[in-house]
Trainee: 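Please read through the structure below; I'll follow up with questions.
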Amino acid sequence: MYENKCQTRVPRRQHNPPSGAVILRGHTFTKNKQSKPEKARMSGELSLNINIKEPRWDQGTFMGRAKHFFMVTDPRNVLLSSETLEEARVIVEDYRAGTAKPGLTEDELWRAKYVYDSAFHPDTGEKMFVIGRMSAQVPMNMSITGCMLTFYRTTPAVVFWQWVNQSFNAVVNYTNRSGDAPMTVNQLGAAYVSATTGAVVTALGLKSLATRLPPIVSRFVPFAAVAAANCINIPFMRQRELKYGIPVTDENGNRLGESPNAAKQAIMQVVVSRIGMAVPAMAIPPVIMNALEKRAFMKRFPILNAPVQVGLVGLCLVFATPLCCALFPQKSSMSVSGLEADLQERIRQASPNITTVYFNKGL
């Protein structure tokens, strides 16, 4: 019976597969008719309707803002060359003008946008000083804060590191100010001296108060000094905004005027964010280091104190910096009724339907 079946089996029909087909174990699969060059060409076409004036993620939610600031504060952006930054600027500005680079993908466009945002001021379009960029926050604060927490016992060390920290903060506050009005050298110098002097005096006062307290409490003096100093430094470095106001716009970005009240709200939000950034970096490492210094290993190798402390601070800042920047939207808003009376009147006469204005709060 087996032999009969073998004898009567019909031979498999021979046929020529269609062009471009693949034969696998007797089955024929036809390839997509679209040629590779055509497919690449079509996938390379980029819509000109992507709104890169706004962040990629929804800024109405905390998670959306956090994703945005993880990109903006990425420390790797500090290492980008001038050529890379210039290329990103050209891509972004050309796209805003309605021209897309041939072969540019959407992901590449967004990457260029975030490289651009990390290095160029949102209001003036100027390239920011490198250590004043938000992408420099983690490496710079990691080093400065780690040293502040390590060398907090002597008065000269407190004065020096508080001066270094507030000098750095002054650069950051000026670089990331809101608005496009320039400050004169005299205004900038007066603001810097006032801010750093106030911060150092605050730190020394808190240190003297902590001399009778337990050692673990003394470790938190740098944090208290930094928190207090932020309340002094930021308003001083942005005092021109408080006096003359910052630009406010409608939801489409049309400029409506300048408002000191909007500046007050913006500066208050930035102060809260900056203090929030300092909480994990200056509150968690002291507790860990207080426990580690009691260990025999750390007593044997005290030279490891500073590197370990700097590393702990850096680990905290990698997450604290973007998450605290995300506490408030970068494009902040307030009701027209909260503006100055004369500006309210001008807005109501020109655009009576506007009830909310928007402004860049700075960082």
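Side chains are part of it too, since the values below use all heavy atoms of this structure and drop only hydrogens, waters and symmetry mates. Not measured: the values here are computed from a predicted model.
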Trainee: Evaluate the side-chain proximity of Q59 to H68: yes if any heavy-atom separation is below 4.5 Å, no if none is.
Mentor: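 In short, these two side chains touch, coming nearer than 4.5 Å.
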
Trainee: Do you see a donor-acceptor pair shorter than 3.5 Å between the side chains of S259 and E340?
Mentor: yes

Trainee: Over all heavy atoms of both residues, which pair between L343 and G257 is shortest? Give the atoms and the distance, please.
Mentor: CD1-CA, 4.0 Å

Trainee: Counting only N and O atoms by type, is there a donor-acceptor contact under 3.5 Å from the side chain of D58 to the main-chain atoms of G60?
Mentor: yes

Trainee: I'd like to check I246 versus E241 (side-chain heavy atoms, cut-off strictly below 4.5 Å). Are they in contact?
Mentor: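 Heavy-atom side-chain distance check passes, below 4.5 Å.
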
Trainee: Mind checking whether V272 and L323 sit in one hydrophobic cluster, side chains of I, L, V, M, F, W, Y counted as touching below 4.5 Å?
Mentor: yes

Trainee: With distance as the sole test, does Y95 use its side chain to make a donor-acceptor pair with the main-chain N or O of I50 at under 3.5 Å?
Mentor: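 Checking the backbone N and O of I50 against the side chain of Y95, a donor-acceptor pair under 3.5 Å is found.
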
Trainee: Please tell me if the side chains of D250 and L256 come closer than 4.5 Å, counting only heavy atoms from C-beta onward.
Mentor: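 Yes, close enough: below the 4.5 Å cut-off.
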
Trainee: So does L339 get a backbone contact from the side chain of Q344, meaning a donor-acceptor N/O pair under 3.5 Å?
Mentor: yes

Trainee: To the nearest 0.5 Å, tell me how far H121 NE2 sits from T175 OG1.
Mentor: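 One finds 8.5 Å between NE2 of H121 and OG1 of T175.
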
Trainee: Going hydrophobic residue to hydrophobic residue with side-chain gaps under 4.5 angstrom, can you get from F120 over to V90?
Mentor: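 Unlinked, F120 and V90 end up in two clusters.
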
Trainee: Would you say E93's side chain and I91's backbone share a donor-acceptor pair under 3.5 angstrom?
Mentor: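 No, the answer is negative, given that no donor and acceptor are paired below the 3.5 Å cut-off.
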
Trainee: Drop me the distance from M142's CE to M140's CE, to the nearest 0.5 angstrom.
Mentor: 10.5 Å

Trainee: If we ignore hydrogens and angles and just use 3.5 Å, is the side chain of Y114 paired with the main-chain N or O of R56 as donor and acceptor?
Mentor: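 Flag set: sc Y114 to bb R56 pair under 3.5 Å.
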
Trainee: How close do F168 and A136 get, heavy atom to heavy atom, and via which atoms?
Mentor: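 Taking F168 first and A136 second, the nearest heavy atoms are CZ-O, 4.5 Å.
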
Trainee: State, yes or no, whether a side-chain contact exists between R238 and V270 at a heavy-atom distance under 4.5 Å.
Mentor: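 R238 reaches V270 side chain to side chain.
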
Trainee: Return the minimal non-hydrogen interatomic distance between A88 and A112, and the atom names on each side.
Mentor: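 Closest approach of A88 to A112, heavy atoms only: CB-O, 3.6 Å.
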
Trainee: Would you check if the side chain of N261 reaches a backbone N or O of G338 as a donor-acceptor pair within less than 3.5 Å?
Mentor: yes

Trainee: If I compare all heavy atoms of A66 with all of A326, which pair ends up nearest, and what's the gap?
Mentor: N-CB, 3.6 Å

Trainee: Check whether any side-chain heavy atom of C325 sits under 4.5 Å from a side-chain heavy atom of M277, and report yes or no.
Mentor: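 When only atoms from C-beta onward are counted, M277 and C325 do touch, with a gap below 4.5 Å.
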
Trainee: Are N165 and N141 close enough that some pair of their side-chain heavy atoms sits under 4.5 Å apart?
Mentor: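 When only atoms from C-beta onward are counted, N141 and N165 do touch, with a gap below 4.5 Å.
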
Trainee: Decide yes or no for M134 and F69: does some side-chain heavy atom of the first lie under 4.5 Å from some side-chain heavy atom of the second?
Mentor: no

Trainee: With a 4.5 Å heavy-atom cut-off, do Q330 and P55 have their side chains touching?
Mentor: no

Trainee: Would you find a donor on one side and an acceptor on the other, under 3.5 Å apart, between the side chain of Q265 and the backbone of S333?
Mentor: yes

Trainee: Check S118 against S135 and note the closest heavy-atom contact, atom names and distance.
Mentor: O-OG, 4.1 Å

Trainee: First locate atom CG of D74, then atom CG of L79, and finally report the distance between them rounded to the nearest 0.5 Å.
Mentor: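 Reported value, rounded in 0.5 Å steps: 9.5 Å.
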
Trainee: Do L317 and F319 share a hydrophobic cluster, counting only Ile, Leu, Val, Met, Phe, Trp and Tyr and linking them when any side-chain heavy atoms are less than 4.5 Å apart?
Mentor: yes

Trainee: Nearest 0.5 angstrom please: L85 CG to K127 NZ, how far?
Mentor: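 Going from the CG atom of L85 to the NZ atom of K127 covers 5.5 Å.
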
Trainee: Tell me whether M128 is reachable from V115 by hopping between hydrophobic residues (I, L, V, M, F, W, Y) whose side-chain heavy atoms are closer than 4.5 Å.
Mentor: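 No.
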
Trainee: Closer than 3.5 angstrom, by distance alone: can the side chain of K113 be matched with the main-chain N or O of I52 as a donor-acceptor pair?
Mentor: yes

Trainee: Just how far is it from atom CD of E87 to atom OH of Y116, taken to the nearest 0.5 Å?
Mentor: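 Interatomic distance, E87 CD to Y116 OH, rounded to 0.5 Å: 15.0 Å.
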
Trainee: Could you grab the distance from atom CG of N360 to atom OG1 of T249, nearest 0.5 Å is fine?
Mentor: 10.0 Å

Trainee: What are the two closest heavy atoms between P75 and P139, and how far apart are they?
Mentor: CB-CD, 4.1 Å

Trainee: Charged N to carboxylate O under 4.0 angstrom, R111 versus D107?
Mentor: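 Answer for the salt bridge query: no.
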
Trainee: Should the ring pair W163 and F160 be called parallel, tilted or perpendicular, given that the plane angle runs from 0 to 90° and is split at 30 and 60?
Mentor: tilted

Trainee: Has W110 got more than 12 heavy atoms of other residues, nucleotides or ligands less than 6.0 Å from its CH2?
Mentor: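 Atom CH2 in W110 is packed in, count exceeds 12.
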
Trainee: Would you confirm whether S351, through its side chain, and I354, through its main-chain N or O, come within 3.5 Å as a donor-acceptor pair?
Mentor: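 Not at all, since once roles are kept as given, no pair shorter than 3.5 Å links the two residues.
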
Trainee: Consider only side-chain heavy atoms of I, L, V, M, F, W and Y, link residues closer than 4.5 Å, and tell whether I275 and F62 are in one cluster.
Mentor: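 Different clusters.
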
Trainee: Could you walk me through whether R274 and I234 pass the side-chain contact (heavy atoms from CB on, under 4.5 Å) check?
Mentor: CA-CA 9 Å; R274 292 290 186 83; I234 296 173; 3.7 Å; yes

